[in-house]
> 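Handing you a structure now.
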Amino acid sequence: MTDTKRYTRRRATPLPESVETAQHRGQVFQHILDSREIFLEDFAKKSNIALSTLGMYITGELDIARMRQATAERFIGTLGITDKEAWKLFHIPLPQQRSFRTFRPKPWGHGEDSRNLIELELKSPLHGEWTVPAGHIVQIDPDSTLEGIVITELDDGRLFALPAQLAAGRGRVMGQLVGALAAFKEK
């Protein structure tokens with residue numbers, strides 16, 4: 001006789017009203033496991049992520065948004081969702097999206113060449129959700145204009161970083177803000 005574990009249906013962990021903290025992201029992960037009837041042990045085996053580590057993500061001791069890229073690759077792949085779905089589901093902040101992603105082929109992941117970024121040196125400060133002084137460089141993903149924080153250019157040339165849903169109709173949307181770099185002048 002073989003011993004087989006059977007998932008005992010239980011009430012799924014509810015989704016939090018908003019996802020802002022490590023504990024909220026852990027609750028989302030637990031909800032996914034419960035709603036798909038997946039044992040944490042099975043997820044650990046399939047993802048090759050230690051059971052204890054997954055437990056710390058669920059409790060919020062470790063933040064899913066701060067996973068190393070190699071761990072995120074296995075985590076997102078085992079969930080069977082796209083990188084963008086994972087960002088949205090776990091509300092991964094923009095700065096962490098650069099490491100919380102996979103190199104699976106598009107459209108699932110980002111492939112080897114993830115984005116064609118535009119680097120723009122600011123002639124005047126960037127205002128809005130992100131403020132960046134003049135002289136710094138902002139990185140913009142022109143292929144992504146409908147989500148995250150986007151750079152909007154007003155008729156007078158001023159640039160604003162706004163949530164995508166607020167940017168519509170306020171100027172020319174240049175693309176999603178990916179990062180900001182200090183510009184160093186060579187002497």
Side-chain angles (χ1 to χ4, degrees), residues 1-117 129-130 139-141 143-150 163-165 175-181:
M1 190 187 310
T2 59
D3 244 0
T4 57
K5 277 203 291 190
R6 182 160 162 73
Y7 190 93
T8 306
R9 184 92 168 137
R10 65 179 187 149
R11 176 180 279 171
T13 301
L15 286 171
E17 287 183 29
S18 65
V19 180
E20 299 169 8
T21 66
Q23 291 82 12
H24 293 148
R25 283 184 266 283
Q27 195 173 349
V28 169
F29 180 42
Q30 184 66 60
H31 174 81
I32 292 168
L33 294 174
D34 292 346
S35 62
R36 292 183 181 179
E37 299 182 0
I38 299 171
F39 286 111
L40 188 59
E41 295 86 3
D42 293 336
F43 191 90
K45 286 177 189 170
K46 287 181 183 173
S47 66
N48 199 22
I49 301 171
L51 182 61
S52 59
T53 302
L54 291 172
M56 288 190 278
Y57 285 127
I58 287 174
T59 63
E61 254 182 278
L62 293 175
D63 191 352
I64 288 171
R66 298 199 179 279
M67 277 183 186
R68 291 180 309 130
Q69 193 280 319
T71 306
E73 178 103 27
R74 295 190 312 270
F75 182 80
I76 297 167
T78 304
L79 287 174
I81 58 179
T82 68
D83 292 6
K84 288 186 179 190
E85 289 169 331
W87 293 344
K88 190 176 215 174
L89 190 61
F90 293 103
H91 291 257
I92 304 299
L94 186 61
Q96 280 77 40
Q97 289 178 9
R98 293 190 60 80
S99 62
F100 191 83
R101 63 181 179 153
T102 69
F103 292 111
R104 297 174 294 172
K106 294 179 182 183
W108 285 96
H110 286 87
E112 289 299 319
D113 180 23
S114 62
R115 298 178 270 202
N116 293 320
L117 300 180
E129 290 286 318
W130 276 31
Q139 294 176 319
I140 303 168
D141 180 357
D143 298 328
S144 180
T145 59
L146 302 176
E147 59 189 21
I149 304 297
V150 297
Q165 62 271 24
Q176 184 180 42
L177 177 63
V178 175
L181 309 166

> For Ile81 and Arg36, work out which heavy atoms get closest and say how close.
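Minimum heavy-atom contact is CG2-NH2, 4.0 Å.
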
> Assess whether side-chain contact (heavy atoms from CB on, under 4.5 Å) is satisfied between Gln27 and Leu15, documenting all intermediate values.
CA-CA 7 Å; Gln27 195 173 349; Leu15 286 171; over 6 Å; no

> Starting at CD of Glu61, measure out to OG1 of Thr53 and round the result to the nearest 0.5 Å.
10.0 Å

> Can you give me the closest heavy-atom contact between Ala72 and Ser99, atom names plus distance?
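The pair with the smallest heavy-atom distance is CB-O, 3.9 Å.
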
> Take atom CD of Gln165 as the centre, draw a 6.0 Å sphere, and report whether it contains more than 12 heavy atoms from other residues, nucleotides or ligands.
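Enclosed.
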
> Relative to the ring of Phe75, is the ring of Tyr57 parallel (under 30°), tilted (30 to 60°) or perpendicular (over 60°)?
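The arrangement is tilted - the two ring planes meet at 30° to 60°.
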
> Let me see the working for Arg66 and Gln96 under side-chain contact (heavy atoms from CB on, under 4.5 Å), right down to the final yes or no.
CA-CA 7 Å; Arg66 298 199 179 279; Gln96 280 77 40; 3.0 Å; yes

> Quick one: pull up CG in Leu33 and CD in Glu37 and give me the separation to the nearest 0.5 Å.
11.5 Å

> Any non-hydrogen side-chain atom of His31 less than 4.5 Å from a side-chain atom of Pro16?
no

> Looking only at heavy atoms, which two atoms of Gly60 and Ala22 are closest? And how far apart?
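The pair with the smallest heavy-atom distance is O-CB, 3.5 Å.
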
> Give, for atom OG1 of Thr59 and atom CD of Gln23, the distance between the pair rounded to the nearest 0.5 Å.
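Answer rounded to 0.5 Å: 7.5 Å.
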
> Looking only at atom types and distance, does a side-chain atom of Trp87 sit under 3.5 Å from a main-chain N or O of Arg101, one as donor and one as acceptor?
no

> Going from CZ on Arg25 to CE on Met67, what distance comes out if it is rounded to the nearest 0.5 angstrom?
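Interatomic distance, Arg25 CZ to Met67 CE, rounded to 0.5 Å: 10.5 Å.
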
> Check the pair Leu89 / Leu79 against side-chain contact (heavy atoms from CB on, under 4.5 Å), numbers first and verdict last.
CA-CA 11 Å; Leu89 190 61; Leu79 287 174; 5.5 Å; no

> Can you see which heavy atom on Glu85 is nearest to which on Thr82, and at what distance?
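Heavy-atom minimum between the residues: OE1-N, 2.8 Å.
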
> Which heavy atom of His91 sits nearest to which heavy atom of Val19, and what is that distance?
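Taking every non-hydrogen atom into account, CD2-CB, 3.3 Å.
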
> Is there a donor-acceptor contact under 3.5 Å from the side chain of Asp83 to the main chain of Thr102?
yes

> What's the separation between atom CD1 in Ile92 and atom CD1 in Ile64, rounded to the nearest 0.5 Å?
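Rounded to the nearest 0.5 Å, the CD1-CD1 separation comes to 7.0 Å.
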
> For Leu40, does the CG atom have more than 12 heavy-atom neighbours from other residues, nucleotides or ligands under 6.0 Å away?
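Yes - once you tally the heavy atoms of other residues, nucleotides and ligands closer than 6.0 Å, there are more than 12.
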
> Go through the steps for Phe90 and Ile76 under the test side-chain contact (heavy atoms from CB on, under 4.5 Å), then give the verdict.
CA-CA 11 Å; Phe90 293 103; Ile76 297 167; over 6 Å; no

> Calculate, to the nearest 0.5 Å, the distance between atoms CZ and CD1 belonging to Phe43 and Ile49 respectively.
6.0 Å

> What residues form a side-chain hydrogen bond (donor to acceptor under 3.5 Å, both in side chains) with Gln69, not counting sequence neighbours?
Glu73

